[in-house]
Novice: 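Before I ask anything, here is the structure I am working with.
From a predicted model like this one, the values you see are computed outputs, not experimental measurements. First listed ligand is number 1; within each ligand, the first listed atom is number 1.
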Amino acid sequence: MNYELRQGAAAMDVDAIHAFLGQTYWAQGIPREIVARSIANSLCVGTFHDGAQVGFARVVSDRATFGYLADVYVLEAHRGQRLAQRMVRALLDLPELQGLRKMLLGTRDAHALYAKFGFQPLRAPERIMERHDPAVYQLKSAHG
Ligand SMILES: CC(C)(COP(=O)(O)OP(=O)(O)OC[C@H]1O[C@@H](n2cnc3c(N)ncnc32)[C@H](O)[C@@H]1OP(=O)(O)O)[C@@H](O)C(=O)NCCC(=O)NCCS
């Protein structure tokens, strides 16, 4: 297996990550500059194959009480080899993320992947609120 795990924002390939995230259902159209800033301000892990980044995951956290797992992906040609699990495990094992009171994530269909790491559906969804602008990256009209 010719895969290498790298950690830390500085090791990530922003162009590769932007190319993938810009096509996803959750971050479609995201500008490169926003991707770069999100990486710089997160705990990041990437999977590299022959030097090219083929997977990514990050956690947004205060590194004390709370973390948000985001932007987990593996390029299609490299899926099914436990690479996503390896990245999630590496993030959850970081010293900065030990003893957190809560971690959250959002997913459309990969619940079973995250269940392997103890994530569950919200026990009390009525106690959680969100502020969400799904159109934030869509081009504004000429008047807007
Ligand atoms: C989801 C994704 C990251 C999985 O990557 P991967 O490297 O193929 O996953 P892994 O091989 O590490 O393991 C996935 C495990 O979760 C399970 N699983 C459950 N739901 C899944 C789903 N929707 N997609 C992929 N795997 C899923 C698999 O069966 C597998 O378990 P197993 O090893 O016991 O068979 C990858 O399919 C992907 O990039 N998808 C598109 C982006 C996306 O939807 N990301 C999730 C946003 S939260």
Side-chain angles (χ1 to χ4, degrees), residues 1-140:
M1 198 165 87
N2 206 7
Y3 293 100
E4 186 193 347
L5 202 72
R6 296 185 194 163
Q7 300 196 3
M12 301 298 116
D13 180 340
V14 175
D15 287 328
I17 296 166
H18 174 240
F20 184 86
L21 290 181
Q23 309 298 323
T24 59
Y25 68 85
W26 70 88
Q28 191 165 31
I30 188 170
R32 186 189 184 283
E33 185 274 324
I34 303 276
V35 172
R37 191 152 28 112
S38 72
I39 291 170
N41 292 319
S42 298
L43 294 158
C44 298
V45 60
T47 299
F48 290 75
H49 183 258
D50 294 338
Q53 185 148 10
V54 300
F56 176 67
R58 68 185 177 98
V59 170
V60 186
S61 180
D62 63 4
R63 306 178 190 208
T65 66
F66 174 75
Y68 189 84
L69 178 61
D71 293 342
V72 180
Y73 77 82
V74 172
L75 294 185
E76 205 165 343
H78 302 272
R79 289 178 192 165
Q81 302 182 71
R82 310 240 155 116
L83 296 174
Q85 291 175 68
R86 202 167 143 208
M87 293 193 293
V88 172
R89 170 70 2 207
L91 285 171
L92 297 180
D93 283 348
L94 287 174
E96 295 93 327
L97 299 181
Q98 302 314 301
L100 303 187
R101 194 162 68 239
K102 187 179 292 228
M103 291 195 77
L104 293 177
L105 64 80
T107 184
R108 187 166 67 183
D109 58 15
H111 305 73
L113 163 60
Y114 302 111
K116 291 173 183 290
F117 299 95
F119 287 90
Q120 304 171 352
L122 294 176
R123 260 179 313 173
E126 70 281 4
R127 294 184 179 202
I128 305 283
M129 296 176 75
E130 68 176 358
R131 194 159 176 269
H132 187 198
D133 180 359
V136 67
Y137 305 134
Q138 308 315 311
L139 291 175
K140 302 277 186 278

Novice: Tell me the protein heavy atom at minimum distance from atom 41 (C) of ligand 1, and give that distance in Å.
Specialist: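 Going atom by atom, the protein heavy atom closest to atom 41 (C) of ligand 1 ends up being Arg79 NH2, 3.4 Å.
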Novice: Does Val72, backbone or side chain, put an N or O under 3.5 Å from an N or O of ligand 1?
Specialist: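 Looking only at distances, the answer is yes, because the N/O contact criterion of under 3.5 Å is met.
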Novice: State whether the side chain of Ser61 and the backbone N or O of Phe66 hold a donor-acceptor pair below 3.5 Å, judged by distance alone.
Specialist: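 The answer is yes, because a donor-acceptor pair under 3.5 Å joins these two groups.
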Novice: Would you say Arg127 and Leu122 make side-chain contact, with heavy atoms under 4.5 Å?
Specialist: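 In short, these two side chains do not touch, never coming nearer than 4.5 Å.
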Novice: Any non-hydrogen protein atom below 4.0 Å of atom 16 (O) of ligand 1?
Specialist: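 At least one protein heavy atom is under 4.0 Å away.
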Novice: Out of all atoms in ligand 1, which are within 4.0 Å of some heavy atom of Lys116? Include the element for each.
Specialist: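 Within the 4.0 Å cut-off of Lys116, ligand 1 contributes 15 (C), 16 (O), 31 (O), 32 (P), 34 (O).
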Novice: As a test of the contact definition, would atom 6 (P) of ligand 1 count as having a protein heavy-atom neighbour under 4.0 Å?
Specialist: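 Neighbour list for atom 6 (P) of ligand 1 includes protein heavy atoms (cut-off 4.0 Å).
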Novice: Are any of the N/O atoms on His111, whether in the backbone or the side chain, positioned under 3.5 angstrom from an N/O atom of ligand 1?
Specialist: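 No; every N/O pair is 3.5 Å or more apart.
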Novice: Look at ligand 1 and say whether Gly106 reaches it with a heavy atom at a distance under 4.0 Å.
Specialist: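 Distance cut 4.0 Å: Gly106 passes for ligand 1.
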Novice: For Ser42 and Ile39, indicate whether the former's side chain and the latter's backbone hold a donor-acceptor pair under 3.5 Å.
Specialist: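 Pair absent, no side-chain N/O of Ser42 close to backbone of Ile39.
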Novice: Side chains of Asn41 and Val60: does their closest heavy-atom pair fall under 4.5 Å?
Specialist: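 Asn41 does not reach Val60 side chain to side chain.
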Novice: Could you tell me which atoms of ligand 1, counted from 1 in the order shown, lie closer than 4.0 angstrom to a heavy atom of Thr107?
Specialist: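 Here the atoms of ligand 1 in question are 48 (S).
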Novice: Is the backbone N or O of Ile30 less than 3.5 Å from a side-chain atom of His18, with the two atoms forming a donor-acceptor pair by type?
Specialist: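 Side chain of His18 to backbone of Ile30: a pair is present.
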Novice: Has Gln53 got a side-chain atom pairing as donor or acceptor with Gly55's backbone, closer than 3.5 angstrom?
Specialist: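 Yes, the answer is positive, given that a donor and an acceptor are paired below the 3.5 Å cut-off.
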Novice: Is Arg108 close enough and on-axis enough to Tyr25, meaning under 6.0 Å and within 45°, for cation-pi?
Specialist: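 Flagged: Arg108 positioned over aromatic ring of Tyr25.
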Novice: Just by modelled atom types, is the Val74 backbone N or O under 3.5 Å from a matching donor or acceptor in the Arg79 side chain?
Specialist: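 Pair found, side chain donor or acceptor close to backbone of Val74.
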Novice: For the 3.5 Å polar cut-off, considering only N or O atoms, please tell me whether Tyr73 and ligand 1 meet it.
Specialist: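 Among all N and O atoms of Tyr73, none is under 3.5 Å from an N or O of ligand 1.
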Novice: Show me which atoms of ligand 1 lie under 4.0 Å from any heavy atom of Gly80.
Specialist: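 Reading through ligand 1 atom by atom, the close ones are 6 (P), 8 (O), 11 (O).
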Novice: Provide the number and element of each atom of ligand 1 under 4.0 Å from a heavy atom of Ala110.
Specialist: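 In order of numbering, the contacting atoms are 20 (N), 21 (C), 22 (C), 23 (N).
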Novice: Would you find more than 12 non-hydrogen atoms of other residues, nucleotides or ligands less than 6.0 Å from Glu4 atom CD?
Specialist: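 Atom CD in Glu4 is crowded, with more than 12 foreign heavy atoms closer than 6.0 Å.
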Novice: Hey, which atoms in ligand 1 end up nearer than 4.0 Å to a heavy atom of Ala112?
Specialist: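 Those atoms are 19 (C).
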Novice: Take atom 43 (C) of ligand 1 and look for protein heavy atoms under 4.0 Å from it; say yes if you find one, no if not.
Specialist: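 Under 4.0 Å from atom 43 (C) of ligand 1, at least one protein heavy atom found.
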Novice: Is it the case that the side chains of Gln120 and Tyr114 hold a donor-acceptor pair, with the cut-off being a distance below 3.5 Å and no angle test?
Specialist: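 The criterion, which ignores hydrogens and geometry beyond distance, is not satisfied for Gln120 and Tyr114.
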Novice: Looking only at protein heavy atoms, which one is nearest to atom 35 (O) of ligand 1, and how far off is it?
Specialist: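 For atom 35 (O) of ligand 1, the nearest protein heavy atom is Arg82 NH2, 4.1 Å.
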Novice: Answer whether the closest heavy-atom distance between the side chains of Gln7 and Leu94 falls below 4.5 Å.
Specialist: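 Yes - at least one pair of side-chain heavy atoms lies under 4.5 Å apart.
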Novice: Taking side chain as C-beta onward, heavy atoms only, is Met87 less than 4.5 Å from Thr47?
Specialist: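 Counting from C-beta outward, Met87 and Thr47 do come under 4.5 Å.
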Novice: Counting each atom of ligand 1 from 1 as listed, which ones have a heavy atom of Ala84 under 4.0 Å away?
Specialist: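 Numbered from 1, ligand 1 contributes 3 (C), 4 (C), 5 (O), 6 (P), 7 (O), 9 (O), 12 (O).
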Novice: Please verify the inter-ring angle class for His49 with Tyr3; under 30° counts as parallel, over 60° as perpendicular, anything in between as tilted.
Specialist: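 Rings of His49 and Tyr3: tilted, 30 to 60°.
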Novice: Counting only heavy atoms on the protein side, is anything nearer than 4.0 Å to atom 3 (C) of ligand 1?
Specialist: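 Protein heavy atom within 4.0 Å of atom 3 (C) of ligand 1: present.
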Novice: Quick check: Trp26 and ligand 1, any N/O pair under 3.5 Å apart?
Specialist: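 Not met; the criterion fails.
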Novice: Quick one: nearest non-hydrogen protein atom to atom 23 (N) of ligand 1, plus distance?
Specialist: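 For atom 23 (N) of ligand 1, the nearest protein heavy atom comes out as Asp109 O, 2.9 Å.
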Novice: What is the closest protein heavy atom to atom 14 (C) of ligand 1, and at what distance does it sit?
Specialist: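 Of the protein heavy atoms, Gln85 NE2, 3.7 Å lies nearest.
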Novice: Could you tell me whether Tyr114 approaches ligand 1 through its side chain, its backbone, both or neither, with non-hydrogen atoms closer than 4.0 Å?
Specialist: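 The answer is the side chain of Tyr114.
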Novice: Between His111 and Phe119 (judged by ring centroids, cut-off 6.0 Å), do the two rings come close enough to count as a pair?
Specialist: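 Aromatic pair excluded; centres sit 6.0 Å or further apart.
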Novice: If we only count N/O pairs under 3.5 Å, is Val74 in contact with ligand 1?
Specialist: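 So ligand 1 has an N or O lying under 3.5 Å from an N or O of Val74.
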Novice: If you have a sec, work out which protein heavy atom is nearest atom 26 (N) of ligand 1 and how many Å separate them, to one decimal?
Specialist: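 For atom 26 (N) of ligand 1, the nearest protein heavy atom comes out as Leu113 CB, 4.9 Å.
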Novice: Which of the atoms of ligand 1 are close to Gln81, meaning less than 4.0 Å from one of its heavy atoms?
Specialist: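 Taking each heavy atom of Gln81 in turn, ligand 1 has 11 (O) under 4.0 Å.
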